[in-house]
Structures are given as structure tokens and as C-alpha cells.
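What follows is a single structure, written as C-alpha cells, with notes after it.
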Amino acid sequence: MPTNPTTTGSLLTALCPDLRAALTRVDYTADGLVDALGPDVHAALGRSEPVPVRRAARDAGELGTLIRLLLLGDALPEPDVAAALAPVRVDDAVAAGLLTRDGDEVSAALDLRPLDAGHGNRWILSDLDDSMRRRTLTEEHVLGVGHASLSLLRATPTEPVGTVLDLGTGCGVQAVHAAAYADKITATDVNPRALWLAQATAELNELEIELLEGSWFEPVAGRRFDQIVANPPFVVGPARIEHTYRDSGLALDGASELVIGQAAGLLAPGGTAAMLAAWVHVEGQDWRQRVSSWLPEHGVDAWVVQRDVADPGLYVGTWLRDAGLDPRDPEAQERAARWLDAFEAADVAGIGFGFVYLRAIDGPTELLAEDLTHGFDDPLGAEVGDYFARSAWLRAVAADENLAWRSRFAPSPATALERVYLPGEDGWAEQVARLHRGDGPRWQHEVDETTVALVAGMRADGLPLYELIELLALADGAEQVTPEFAAQALGVVAGLVRHGLIRPV
């Protein structure tokens with residue numbers, strides 16, 4: 001591992017044009033890997049199973065050499081590596097910190113892998129992890145494209161914007177992704193080694209990214225951005241730093257509190273933040289109130305999505321393995337004991353994890369914090385813009401209910417009515433009726449027969465909402481719409497609009 005990022009960083013950056021030419025020549029790309037390995041073996045690569053990949057790579061020529069070198073961590077004969085990396089000279093790659101030499105064999109000193117996040121192939125440089133070979137990660141380890149990074153990529157909105165801030169950029173994967181939709185990208189990190197690798201990643205992909213060193217938001221104080229993306233060191237635990245990519249030095253969920261609380265102050269009007277975060281579940285407290293307390297009182301529309309809640313023991317074991325430790329080893333057991341002691345002292349019953357979205361608005365802060373723990377396939381990022389647009393419409397309705405009453409509505413194309421029946425004494429007995437959205441986050445709302453009838457009557461060229469309500473009241477034997485009935489109906493409509501099951505037209 002290089003000890004002088006400044007020196008090796010300039011050498012690695014200088015190497016990038018020839019390295020890009022080599023990778024392109026042998027088709028070391030996301031599609032090229034799938035074509036060479038086949039879908040089954042490529043899936044084995046994702047599962048960190050080297051043997052099937054190594055066997056397939058033997059018949060893949062120079063591309064196979066790079067797969068073994070860069071993805072499996074194999075030591076290979078120098079002539080084979082030189083041929084696969086031409087026009088890169090092996091001596092130059094060793095001096096730049098990309099490779100190491102041991103006698104007549106050459107190994108990778110960095111992880112270099114292709115990625116297609118939906119906007120074409122990119123290459124990402126990072127430190128070697130323990131996915132294919134057992135390694136103990138150092139404090140300054142720069143994480144590559146992990147599961148959290150990929151989940152944030154899929155959960156980030158990609159509507160065109162002017163400026164993007166990638167807070168805690170690490171190897172630069174989120175910044176590289178932002179190049180597909182932003183005019184200017186700024187990326188920060190407290191770790192100089194991370195900035196070295198992010199700079200090389202940018203150069204390798206022929207991208208221009210402003211890279212700034214510093215803690216949290218300090219490097220960009222006073223600036224405003226159209227979008228903020230953050231995968232901060234949000235791991236919940238004692239106030240310590242064992243690995244900069246995951247540990248903040250703040251106790252429990254202090255890192256998420258800091259980022260969520262301060263991000264809104266750096267958003268331009270109408271700007272959006274998309275962040276990964278974690279929060280503790282404390283005995284006797286609602287996690288939603290905890291997250292709500294982190295937000296400013298004014299200027300934010302917040303959507304918090306909890307994707308999972310982990311038991312403290314499972315959580316600690318997962319992150320020990322993430323650092324390359326075996327939870328059975330005495331040292332790891334000691335760390336686990338201290339970690340769980342800290343949780344017990346704070347009455348932590350679980351650790352929630354998910355996405356936090358913020359939209360800068362002119363008005364009091366609003367928050368919807370909800371569980372979204374069921375499975376869905378569509379990227380969440382595509383939903384964010386629509387969610388905030390629906391939320392803005394609902395704010396307008398709150399200011400003037402007549403807007404809703406005058407509006408016409410239609411079910412979204414993916415909305416379906418489901419009825420669940422169970423055997424009863426007289427045959428099938430209906431247990432529940434649900435409106436189910438079949439795309440995006442796949443929300444479901446249990447509904448009564450009045451709501452079923454209301455939505456059935458909604459058409460783009462149909463009646464305004466209030467006239468539909470009047471017809472329902474008449475069908476129910478009422479002479480007129482009571483204030484209570486109207487308020488209840490408006491509340492149901494607002495909930496269906498918020499989750500995109502129906503839409504104003």
C-alpha cells in the first residue's frame with residue numbers, strides 16, 4: 001500500500017490514459033465481464049466465489065488475465081500481465097501503486113472494477129477488500145463498490161441538475177454516477193487516500209470532479225448545491241474510529257444526526273438530498289420522533305424510508321465481518337463485547353437503516369417517516385421526484401381545500417384492487433380489500449367499500465372530487481355531504497395521492 005498518496009497519486013493519474021486504453025482494448029467493461037464469464041459465473045463473482053471465475057477466465061485471453069489479476073487477486077507471470085495491460089508498462093504501474101511485484105510474478109495492489117449504474121461503463125479504483133482473499137482492513141481503507149454504495153446508486157434521483165455535492169466520496173463512485181446528470185460535481189472526504197483514489201477514478205473515466213479534503217461539510221461551508229448525495233460513516237456504535245469509511249467518531253447514530261441536521265442548510269432552493277443513514281431504536285421511544293428531532297424546524301420536506309431493523313447482536317457481527325474479522329477470534333469477541341455494552345447502556349433495542357430524502361422548501365418542515373421493508377425491484381431513485389411533487393401538491397391542498405374538491409383524479413396505471421378471501425361458515429368470506437400499486441415502492445392501502453367506490457368513479461375526464469363525494473353520500477342515503485364525511489374522504493384521497501395510487505389530472 002502506498003505511503004505517500006500525493007506522490008503515488010500523481011503517478012497513478014498520469015498512468016490513467018494508457019490504462020484506459022488497455023481496459024478498452026481488452027473489453028474490461030461491465031458488459032465485457034458478463035460476455036466472457038456468462039451470467040452464472042458472473043453471479044459467482046458477485047458471491048465472492050473465485051474458483052468458477054478463475055476457471056472461466058482461463059479461456060478469456062487477455063481479458064481473463066485482467067479478471068484474475070484485478071478481481072481475484074491472483075499473482076500472475078509478469079509477461080502475461082504486461083501483454084494484457086499494454087500500453088501500460090508494468091514498472092510504471094508498480095511505481096504508481098496499481099501493482100506489486102514479487103520475483104517474476106505481479107499482483108494487484110488496488111481493486112479496479114467496471115461498473116454500469118445505468119449510464120454506461122465506468123471504472124472504479126479502490127483498496128483491495130477481503131471478498132476473494134482474507135485481509136484485515138486498515139483504518140484508512142478506501143471501500144470499493146459495496147452493497148451500500150449500489151443501493152444508494154439505485155436510490156438516488158437522476159433528474160438533470162446543475163451542481164452536486166458528494167459528501168464522503170470514498171473511492172468516488174457516487175460522484176462518478178452524478179456525472180451522468182449533473183453539470184458540476186464537488187466531492188469531499190476526510191481521508192487523503194480516498195481523495196487520491198477518487199481523483200484517479202475521475203481521470204480514468206475522463207471526468208472533471210472538484211475534490212476537497214476536510215471533515216463533514218466544512219470544505220463547502222457557505223455554498224449551496226442543487227443535489228447532495230451522502231454515504232457517510234453511519235455505522236452505529238461507540239464513539240471510536242477503527243475504519244474511516246464507516247466510523248465517524250460520534251457515539252451511536254451521531255453521524256446520521258449530523259448529516260441529516262446540516263444537509264438542508266447547503267441545499268439551493270428546491271434542491272434535493274439523498275442519503276444513507278441509520279438510527280437506533282430505543283426502548284419506549286418511536287424511531288420516527290428521534291429522526292424528526294434532527295431536522296430544522298423550517299425549510300425541509302423530508303421523506304425517511306426505513307428498509308430494515310437489525311438486532312444488536314446481528315448488527316455487530318455483520319460489521320465485524322465487514323472489517324475482515326472472524327467473530328470467533330478473541331480480539332473480535334472483545335470488540336463485540338464493548339460494542340454491545342455501549343448498546344445496552346443506551347437501551348438500544350435495534351438499529352434501523354434506510355434512506356433519507358430532503359427537499360428544500362419555503363415553509364415549515366414536514367416529515368413522512370415510514371417503513372418500506374417489503375421487497376420491490378424498481379429503483380427508488382425514480383420515485384423521489386414524483387414523491388416530492390405529490391407532497392408539494394398536498395401542501396397546496398392544505399392551504400386551500402377547494403383545490404382538491406375542484407380536481408379530477410385517476411388511478412395510476414399500476415394500481416390494482418385486491419380482495420383477500422378465507423374459508424368461512426357460508427363459503428368464502430372477504431377479509432380485506434387493498435389498493436396495491438404494482439410499480440415503484442409497491443405500496444398497499446387497506447380500503448373500505450366507500451373508498452373502492454370512490455376510486456372506481458375516478459376518471460381523467462370524469463367528475464371533480466366533490467361531485468363524486470356527493471354521489472357517494474346520496475348512494476349511502478344521505479341528503480348532503482356532512483363535514484365529517486368530507487374530511488374523511490379528503491384524508492383518504494390525500495393518503496392515496498401521497499403514495500401515487502391515484503393522481504390529480
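Note that the structure is predicted; figures quoted are calculated from it, not measured. Quick note: residue numbers are just sequence positions, from 1.
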Classify the angle between the aromatic ring planes of His119 and His177 as parallel (below 30°), tilted (30 to 60°) or perpendicular (above 60°).
tilted

Presence of salt bridge, Arg288 and Asp371, under 4.0 angstrom
yes

Determine whether Glu383 and Arg390 satisfy the following criterion, salt bridge (Lys or Arg N to Asp or Glu O under 4.0 Å), listing intermediate values before the conclusion.
CA-CA 11 Å; Glu383 183 72 17; Arg390 297 191 299 263; 2.7 Å; yes

Let me confirm one number: the CG-CD1 distance from Leu207 to Ile185, rounded to the nearest 0.5 Å.
6.5 Å

Under 3.5 Å, is there a donor-acceptor pair linking the side chains of Arg359 and Thr272?
yes

When you look at Asp27 and Thr29, which way does the side-chain hydrogen bond (donor to acceptor under 3.5 Å, both in side chains) test go after all the steps?
CA-CA 5 Å; Asp27 198 22; Thr29 62; 2.9 Å; yes

When rounded to the nearest 0.5 angstrom, what distance separates CD1 in Ile209 from OG1 in Thr186?
9.5 Å

Using side chain to side chain contact (heavy atoms under 4.5 Å, CB included), reason through Ser412 and Ile502 one step at a time and then give a plain yes or no.
CA-CA 5 Å; Ser412 297; Ile502 63 174; 5.7 Å; no

So, for Val236 and Ala278, which heavy atoms are closest and what is the spacing to 0.1 Å?
CG2-CB, 3.8 Å

Measure up the Trp443 and Trp303 rings against each other and bin them: parallel (under 30°), tilted (30 to 60°), perpendicular (over 60°).
tilted

Should Leu98 and Leu19 be marked as a side chain to side chain contact (heavy atoms under 4.5 Å, CB included) after you check the CA-CA gap, both sets of side-chain angles, and the distance that decides it?
CA-CA 10 Å; Leu98 177 64; Leu19 181 56; 4.1 Å; yes

Asn231 side chain to Met275 backbone, donor-acceptor under 3.5 Å
no

Exercise: identify the closest heavy-atom pair between Trp405 and Ala486:
CH2-O, 3.4 Å

With distance as the sole test, does Ser293 use its side chain to make a donor-acceptor pair with the main-chain N or O of Arg290 at under 3.5 Å?
yes

Verdict with reasoning, Ser407 to Leu465, per side chain to side chain contact (heavy atoms under 4.5 Å, CB included)
CA-CA 6 Å; Ser407 295; Leu465 178 61; 5.7 Å; no

Considering only NZ, NE, NH1 and NH2 on the basic side and carboxylate oxygens on the acidic side, decide whether Arg193 and Asp127 come within less than 4.0 Å.
yes

Rounded distance (nearest 0.5 Å) linking atom CG of Asp386 with atom NE2 of His499
13.0 Å

Indicate yes or no for a side-chain donor-acceptor contact from Thr365 to the backbone of His298 under 3.5 Å, with no hydrogens or angles considered.
yes

Got a donor-acceptor contact below 3.5 angstrom from the Glu218 side chain to the Glu213 backbone?
no

Pairing of Arg408 and Asp461 as salt bridge, 4.0 angstrom limit:
no

Salt bridge check: are Arg20 and Asp18 linked by an N-O gap of less than 4.0 Å?
no

First locate atom CD1 of Ile228, then atom CG of Leu267, and finally report the distance between them rounded to the nearest 0.5 Å.
4.0 Å

Which pair of non-hydrogen atoms, one from Val220 and one from Leu266, has the smallest distance, and what is that distance?
CG2-CD2, 3.4 Å

For Trp393 and Phe409: C-alpha separation, side-chain torsions, deciding distance, then whether ring-ring contact (aromatic ring centres under 6.0 Å, His included) applies.
CA-CA 13 Å; Trp393 188 86; Phe409 295 83; 5.7 Å; yes

Before we go on, tell me: are the rings of Trp279 and Phe355 under 6.0 Å apart, centre to centre?
no

Let's go through Leu153 and Leu115 carefully: what are the C-alpha distance in whole Å and the side-chain angles of both, what is the deciding distance for side chain to side chain contact (heavy atoms under 4.5 Å, CB included) to 0.1 Å, and is it a yes or a no?
CA-CA 11 Å; Leu153 289 179; Leu115 171 70; 4.0 Å; yes

Is a side-chain donor or acceptor of Asp253 paired with a backbone partner of Ser256 at a separation under 3.5 angstrom?
no

Heavy-atom closest pair, residues Ser126 and Cys171:
CB-CB, 4.0 Å

What is the distance from atom CG of Leu165 to atom NZ of Lys184, rounded to the nearest 0.5 Å?
11.5 Å

Side chains of Asp166 and Thr169, donor plus acceptor under 3.5 Å
yes

Roughly how far, to the nearest 0.5 Å, is the OG1 atom of Thr163 from the CD atom of Glu210?
10.5 Å

Is there a donor-acceptor contact under 3.5 Å from the side chain of Arg503 to the main chain of Pro411?
yes

Go through the steps to decide whether Asp111 and Arg113 satisfy the test salt bridge (Lys or Arg N to Asp or Glu O under 4.0 Å), and finish with yes or no.
CA-CA 6 Å; Asp111 186 292; Arg113 64 186 58 225; 2.7 Å; yes

Does the distance from a Lys or Arg side-chain N to an Asp or Glu carboxylate O, for Glu418 and Arg442, drop under 4.0 Å?
no

